[in-house]
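To start, the structure itself, in structure tokens.
Within every chain, numbering begins at 1; the chains are lettered A, B, ... in the order of the sequence lines, protein sequences first and strands thereafter. Both backbone and side-chain heavy atoms feed into the values below; hydrogens, waters and symmetry mates do not. Quick caveat: nothing in here was measured; it's all calculated off a predicted structure.
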Number of protein chains: 2
Amino acid sequence: MATIEDVAKLAGLSRTTVSRVINDQPYVTEEKKQRIIQAMNDLGYVPNSSARRLRSQRTETIAVLLPRITNPFFGNLIESMEEKASEWGYQVIVCQTHDSEKKEMDYLQLLKTKQVDGVIMASIINNWDDVEPYLESGPIVVCNEYMEGTPVPTVHMDHKKASYEATLHLMEQGCNHIAYVSGGPNSHLTSQRRKGFEEALKDKGTTKIEDLNIDWALDVKDGQKVFHFIKENHPYIDGVFTGSDEVAAGIIYEASQNDWEIPHDLAVVGFDNQMISLLMVPSVTTVEQPVKQMANKAVEILLQQLLHPGTHYPREYVFDHELLIRNSTKRRKLSVH
Amino acid sequence: MATIEDVAKLAGLSRTTVSRVINDQPYVTEEKKQRIIQAMNDLGYVPNSSARRLRSQRTETIAVLLPRITNPFFGNLIESMEEKASEWGYQVIVCQTHDSEKKEMDYLQLLKTKQVDGVIMASIINNWDDVEPYLESGPIVVCNEYMEGTPVPTVHMDHKKASYEATLHLMEQGCNHIAYVSGGPNSHLTSQRRKGFEEALKDKGTTKIEDLNIDWALDVKDGQKVFHFIKENHPYIDGVFTGSDEVAAGIIYEASQNDWEIPHDLAVVGFDNQMISLLMVPSVTTVEQPVKQMANKAVEILLQQLLHPGTHYPREYVFDHELLIRNSTKRRKLSVH
DNA sequence: TTGTAGGCGTTATCAA
DNA sequence: TTGATAACGCCTACAA
């Protein structure tokens, strides 16, 4: 493998001059520059990235922590982040924590070992106290998930507001017994959703409104189980708020298999506006998050911190959701405005 | 940031000895070892990864090239690969080429610049001649996609056989006018699928069988367009072979919106057995690939090459598909065997 | 405008 | 069993 030294020798110049050419620095005669470029081509020279990193103490790489990439929400998030980062010449390392506290900590080590310059946490399950020390090694931005009292910039949607609105919608459609279905590890985000749900019940609800709480539903299969659980144990339930389009899809799928009519027998709300929510029969009412915008903002803030250290940024960037009303909840005829 | 030197000083020993402890080498008294570990903890020392890489010429990282991670097939593939790689202490870098020849080449540079030790290509759109030179910098394994005449190990399914079988199935269900719908860049894989399709027509077909070819369908939206194209221009078509569950879903979705009955008016076959193919109404007949097994095998071969250079491996590992027959093609009553 | 020389943090070689 | 020393390949004061 050719090194900068080889190039220098072949071009009859010094390493310094070659380095200047590599890094596009001034003070090199055009003629010598050409000679060097020629030599680089002849040797198939490429700068060694480890050496550069060691010398410059920068990797031009950021890590994004998320639970799993097969979840389309995170898939889309990372795609946008990568696009944005590469505009600035930064690479992205995808770190799937699989909801493991240990893996999360392991990946944060990338910061300490200088394998990445900064980290975006799209999920966070350890206590902030355990994460905070890593800030010494580089900037961290939280995106999607959020925690109170953290000193780092946080980019997220108002999940409480979103679930409030979705729940209200269910009630407006005449649902009187709404189940709350969630899953995955507890986090601030999920608890905010829960709060929005409860507030909506309280604000609009009569004492008659009942509430079934399921906290183990994550995917389509779980959704199917949820349906049977409702059917067998809580058949009076007439509306479901879920934190995931996949769970919603599972419920709806199984409901049709069992001749329940959606939304008449059961109205269902999903979350994330994944493709599946549009394709289901009936299509699924869901909450759309501005994924791309959040991704861009998170990357932007992180890179700004890397490029202009010391600058201060607002701690919170809150984005708006959009409730997409589809057939899985349309129990009432639309009234004319 | 503490360095090995700091640890050595604090422990009153030399860098060498500290390095031995870090790398679990013999010839260190238990007592000194403890002293060093103590010192490392006190200082919060972590070895600098760039320095290690520079010195050892190994990164313990591999790159996986694929078109886009939002495609569930590749999402699952990468997930399994990462799992397998991490068992061996290797990291995975996800490289989305977005079907760009340039990006593919850019990512291959990771090999040259020593940012990764090896590469798995889950897609390949440049000519092999352009890729081959990179072999000098490290091993490459091709997975999913495949090319004839390459000297590297290749892990894949027999797409020709799969599409042959799927097409045969359509004909057995009484389809006489089958459209072939594909999309994305041409590759050996897609041409194999095409061949299987054609062979099935030839083997079983009468001269009456017609064939509509569409090569621009990639996602759900395209599938919707395909439906309208068929409806308006080729209404006699009664069967569709698609290379993607998403396209199939789009066709089916739009068909129901237009009161076509699936599979009676149009039988549809998808590919990949994605969740959506099961949830659609009707459920979609599809081809399942043994993603996990292929992923594991590809990683295994690559790591073996890294750990035991020079060993030779079979050039090809071919896995079997499974045709999952669902409602989108069941035009005939099942006969009793 | 060009070159010299030192060091980034590790690990490998060799000597003690 | 331990330590001194020389790389790994690059960048950057500083000197010329």
Side-chain angles (χ1 to χ4, degrees), chain A residues 1-37 39-40 43-61 89 109-117 137-138, chain B residues 1-37 39-40 43-61 89 109-117 137-138:
Chain A
M1 195 75 270
T3 74
I4 202 172
E5 176 83 50
D6 302 327
V7 178
K9 269 191 195 141
L10 183 58
L13 292 162
S14 74
R15 286 180 301 178
T16 313
T17 311
V18 177
S19 175
R20 288 211 181 88
V21 172
I22 294 170
N23 296 293
D24 241 339
Q25 284 168 17
Y27 305 126
V28 185
T29 339
E30 187 56 29
E31 178 251 326
K32 307 209 163 155
K33 186 169 176 179
Q34 289 311 322
R35 231 159 75 201
I36 288 170
I37 291 176
M40 295 201 302
L43 293 168
Y45 168 79
V46 184
N48 177 304
S49 124
S50 304
R52 290 189 105 158
R53 291 178 174 200
L54 177 57
R55 177 62 234 228
S56 67
Q57 306 285 28
R58 283 182 303 106
T59 64
E60 307 199 318
T61 303
Q109 284 283 343
L110 293 176
L111 208 52
K112 264 204 174 168
T113 60
K114 303 287 181 211
Q115 291 192 64
V116 300
D117 297 336
S137 311
Chain B
M1 195 74 269
T3 74
I4 201 172
E5 176 83 50
D6 302 327
V7 177
K9 269 192 195 139
L10 184 57
L13 292 162
S14 73
R15 283 180 304 182
T16 313
T17 311
V18 177
S19 175
R20 289 211 181 86
V21 172
I22 294 171
N23 296 292
D24 240 339
Q25 284 166 16
Y27 304 126
V28 184
T29 340
E30 187 55 31
E31 178 250 326
K32 306 210 164 155
K33 187 169 176 178
Q34 289 311 322
R35 230 159 75 200
I36 288 170
I37 290 174
M40 295 200 302
L43 292 168
Y45 168 78
V46 183
N48 177 304
S49 125
S50 304
R52 286 189 111 159
R53 291 178 173 200
L54 176 58
R55 179 62 236 217
S56 67
Q57 306 285 29
R58 284 182 302 106
T59 64
E60 307 199 316
T61 303
Q109 284 284 343
L110 293 177
L111 208 51
K112 264 204 174 169
T113 58
K114 303 287 180 212
Q115 291 191 63
V116 300
D117 297 337
S137 312

Are [X] and [Y] side-chain neighbours, meaning at least one heavy-atom pair lies under 4.5 Å?
{"X": "B:Lys114", "Y": "B:Arg58", "result": "no"}
{"X": "A:Val7", "Y": "A:Thr3", "result": "no"}
{"X": "B:Asp6", "Y": "B:Tyr45", "result": "no"}
{"X": "A:Asn48", "Y": "B:Gln57", "result": "yes"}
{"X": "A:Leu10", "Y": "A:Leu43", "result": "yes"}

Which whole-number value in Å describes the distance from [X] [atom1] to [N] [atom2]?
{"X": "A:Arg58", "N": "C:dC8", "atom1": "CZ", "atom2": "P", "result": "17 Å"}
{"X": "B:Arg15", "N": "C:dG9", "atom1": "CZ", "atom2": "C1'", "result": "9 Å"}
{"X": "A:Ile36", "N": "C:dG3", "atom1": "CD1", "atom2": "C1'", "result": "12 Å"}
{"X": "B:Ile4", "N": "C:dG7", "atom1": "CD1", "atom2": "P", "result": "18 Å"}
{"X": "B:Asn48", "N": "D:dC10", "atom1": "CG", "atom2": "C1'", "result": "14 Å"}
{"X": "B:Ile22", "N": "C:dA12", "atom1": "CD1", "atom2": "P", "result": "11 Å"}
{"X": "A:Asp24", "N": "D:dT12", "atom1": "CG", "atom2": "P", "result": "13 Å"}
{"X": "B:Leu13", "N": "D:dA4", "atom1": "CG", "atom2": "P", "result": "10 Å"}

Are OP1 or OP2 of [N] and a side-chain N or O of [X] less than 4.0 angstrom apart?
{"X": "A:Tyr27", "N": "D:dT12", "value": "no"}
{"X": "B:Asn23", "N": "C:dT11", "value": "yes"}
{"X": "A:Thr29", "N": "C:dT2", "value": "yes"}
{"X": "A:Gln57", "N": "C:dG9", "value": "yes"}
{"X": "B:Gln25", "N": "C:dT11", "value": "no"}
{"X": "A:Thr17", "N": "C:dG3", "value": "yes"}
{"X": "A:Lys32", "N": "C:dT2", "value": "yes"}
{"X": "B:Arg20", "N": "D:dT2", "value": "no"}

Give one of base, sugar-phosphate or nothing for [X], where a contact means two heavy atoms less than 4.0 Å apart.
{"X": "B:Glu5", "result": "nothing"}
{"X": "B:Val18", "result": "nothing"}
{"X": "A:Pro26", "result": "nothing"}
{"X": "A:Thr16", "result": "base"}
{"X": "B:Arg53", "result": "nothing"}
{"X": "A:Ser19", "result": "base"}

Start at the 5' end of DNA chain C and walk down; is the nucleotide closest to B:Pro47 or to A:Val28 reached first?
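Closest to the 5' end, via its nearest nucleotide, is A:Val28.
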Does any donor-acceptor pair link the side chain of B:Arg55 with the base of C:dA12 at a separation under 3.5 Å?
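Check fails, no donor-acceptor contact within cut-off.
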State, without any angle test, whether A:Ser14 and A:Thr17 hold a side-chain donor-acceptor pair at a distance under 3.5 Å.
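Present: a donor and an acceptor within the cut-off.
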